[in-house]
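Report on the structure given below.
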Amino acid sequence: MQQKLVNVLQKCQNVRQIKQTHDQIIVHGLKDCNFIVPKLMSLSSDFISPNYAANIFGCVCTPNVVTYNNLIKCFIGKSHTDAIFSYNRMREAQIMPNSFTFTSLFRCLEFLDDGKCVHGQVMKLGFLSSVFVHNTILDFYSKCGGNLGYVWMVFDEMVERDVISYNTMIGACMNHGEVEFAIRLFEGMPERNTVTWNSVIGGLSKTGNVELARTVFNKMPQKNTVSWNSMVSGYIMVGDMRTAQALFDEVPEKSVVSWTAMVTGYATVGDLESARRIFDQMQGKNVVSWNAMIAGYVNGHMFDQALSVFHNMLVDGNCKPNQVTLISALSACSHLGAHDHGKWIDGYIKKNNVDLSVPLGNGMIDMFAKCGDLPSAWEAFHKMPKKCIITWTTMISGLAVNGHCSKALELFYRMCRDGLKPDDVIFIAVLTACVHGGLLEDGNRVFDLMVKHYEIKPRIEHYGCMVDLLGRAGKLEEAVRFTESMHLQPNAVIWATLLAACKIHGNGELLESLTDKILASEPTNPGYLTLITNISSSIGRWQNALNFRLVARQQGAEKVPGCSAIQIGSCVHEFLAKDTKHAQKKEIYQILGNLNGELKSVYDMPVEYTYS
DNA sequence: ATGGATTCGA
């Protein structure tokens, strides 16, 4: 009976079949069997969830080593805490771990300290003789963010090293940028297999040594698809799409990986047409391929195309969107302000029980905030099971750009009280909130907090916020003094901020002295000339002296006017500042006039437009 | 009776 059920289990292809067999196992009173249960657990973990597998484990009265090992294995790439918990439970149950326990456990671990701890257990219990265990320890130390020293130490201590130990070691050296050491190991090792060669080619490619990778590749005896793909990726990495394409054409057995690499390659050099051409030619697209095309469009700021490909993916139906897909699609929605598409993605996540990972949650918050739907942004924020500093930054920025500036500050202080350490980026968001709300005192306090309490060195963006804050509050001299006290050279943004402050407060004298400073530090930038000219005329300060200085510089320095466009249906409408070319200009300026009136009555701040 | 480690694409 047992053997029969094991055979049935091995044939299971989907959730329904697994659950049916699970029922059979229970009916036959075998839910306690240490022969069947481990197989059921690993299948359930793959097709259903580690949690489901853990529940099956919970029904076993006397689990043995194999069953415990399989429980731990379910948590690989899922939960290091659950894995450690299971290991401790096993020790408490007086079950002696074996080498399989440690290979599984090390693959679950994430943090250096946990690894050291388990490493100690391995030494205490005497499993260092197992090459398997040693190899996973090597791999763990190379991936957990510790330094290469630990990896070398383990490698040197090993009494027996096989080809995988060497391969792991070569990979570790490559990932830490120690190309020389990797090559030395490669040359000194007793035997090499395909993975060895591929690790070297891939490592050299990733570290920008394409030509060296090419010489190794040319010498490699039996190249497989991975070798070819590593080489193609190498040329893509350095932006050499011509060679990448030439090599790609030669690849004997192109895989999805080869095609997808080319899509990414063309997208990253900004050639979205070629990327799309490859993408359309490609057979058997998987989720990574779709993601590459969608992310390519997002990075190229072609957001509507990104959403269109996302839509095609759903219609195509051959692969389900995953976290990465949804994050890219949400980013497109954020940039387009596509609230309806964003809400649809929200619905998709809820309906399909997609777990809200930190980056996905961050994307949801950003999308809702950029679409002006703050209640939904808050909902996403509160529902996230785990948050990171970016989560808080996104929510604070969202509140700030929507005008809820005190709320943004409040949230920031709450985060600090919760004990999370703010970084330089979140301070930009908080200071921006102060600028939007005209909260000068709060801004000063926050800036002080950043510099004195958190000892974060201000970046030019932080200074920019402070200058803006002072300038808008009419403290122009203080703003200028502030720029002089900075430990950084003022950049374009700082100058423009000060000029804007002159405009708001009609300060002509400051405008003159600033003009001298700007012309001295950035004599060739035509943008300022236009800006200064416009401001001086708008505040009625059109003296000859200033005019003369500017005109002298302005010759041949024509500023390219900014242009914006929106798409309605299939027609793209373009607008230039003060242009009067649109067929519906009368209605457009009529609406601008109405908006102006409304803004004036609510905020006492007119929008800028002219109709001639 | 039982299960393990390394290489390419988002």
Side-chain angles (χ1 to χ4, degrees), chain A residues 2-3 6 33-42 63-74 76 98-107 127 130-140 142-143 161-172 174-175 192-206 213 217 220 223-234 236-237 244 248 251 254-265 267-268 278-279 282 285-299 319 321-328:
Chain A
Q2 293 179 9
Q3 193 54 53
V6 168
C33 170
N34 283 311
F35 175 51
I36 295 178
V37 163
K39 292 182 193 303
L40 177 64
M41 279 167 61
S42 53
N64 68 4
V65 219
V66 180
T67 309
Y68 267 106
N69 290 351
N70 271 282
L71 174 67
I72 294 172
K73 205 168 68 174
C74 292
I76 293 177
N98 60 19
S99 61
F100 288 87
T101 317
F102 291 113
T103 48
S104 295
L105 185 52
F106 266 107
R107 293 189 66 199
F127 285 102
S130 161
V131 202
F132 287 108
V133 175
H134 245 141
N135 287 346
T136 34
I137 295 177
L138 266 183
D139 192 51
F140 169 78
S142 79
K143 284 177 180 160
R161 301 181 195 97
D162 62 9
V163 66
I164 293 174
S165 324
Y166 276 94
N167 291 351
T168 309
M169 202 59 216
I170 288 172
M174 288 297 195
N175 290 335
R192 299 165 190 157
N193 61 15
T194 314
V195 176
T196 317
W197 287 89
N198 288 343
S199 299
V200 172
I201 294 167
L204 289 172
S205 285
K206 273 186 193 154
F217 178 77
M220 182 173 178
K223 303 172 182 67
N224 65 8
T225 315
V226 177
S227 331
W228 284 92
N229 292 345
S230 304
M231 211 51 243
V232 171
S233 305
I236 289 172
M237 191 81 56
F248 173 78
V251 180
K254 295 179 185 59
S255 67
V256 210
V257 178
S258 332
W259 289 89
T260 307
M262 290 303 286
V263 172
T264 317
T268 46
I278 301 269
F279 181 74
M282 173 176 185
K285 299 178 184 74
N286 67 13
V287 65
V288 182
S289 331
W290 289 97
N291 291 349
M293 197 62 242
I294 296 170
Y297 276 134
V298 170
N299 290 329
C319 41
N322 66 10
Q323 301 261 341
V324 182
T325 325
L326 299 172
I327 292 165
S328 292

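In the text below, chain A, chain B and the rest are named by the order of the sequence lines, each starting its count at 1.
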Would you classify [X] as touching base, sugar-phosphate or nothing, given that sugar-phosphate means primed atoms plus P, OP1 and OP2, and contacts are heavy atoms under 4.0 Å?
X      : result
A:S99  : base
A:T325 : nothing
A:V256 : base
A:N322 : base
A:S230 : sugar-phosphate
A:K223 : nothing

Output all residues satisfying side chain to side chain contact (heavy atoms under 4.5 Å, CB included) with [X], sequence neighbours left out; order by chain, then residue number.
X      : result
A:I327 : A:P359, A:L360
A:V65  : A:N69, A:M90, A:I95, A:N98, A:T101
A:M220 : A:T194, A:W197, A:N198, A:I201, A:K223, A:S227

- [ ] For A:S199 and A:T196, test the side chains for any donor-to-acceptor distance below 3.5 angstrom and give the result as yes or no.
- [x] no

Open item on the list: A:F248: which residues meet the ring-ring contact (aromatic ring centres under 6.0 Å, His included) condition with it, sequence neighbours left out?
Closed with: A:W259

- [ ] Please name all residues satisfying salt bridge (charged side-chain N to carboxylate O under 4.0 Å, His left out) with A:K143, sequence neighbours left out, ordered by chain then number.
- [x] A:D139

Task: For chain A, the stretch of DNA chain B it reaches, first to last nucleotide, under 4.0 Å of its heavy atoms - done: B:dA1 to B:dA10

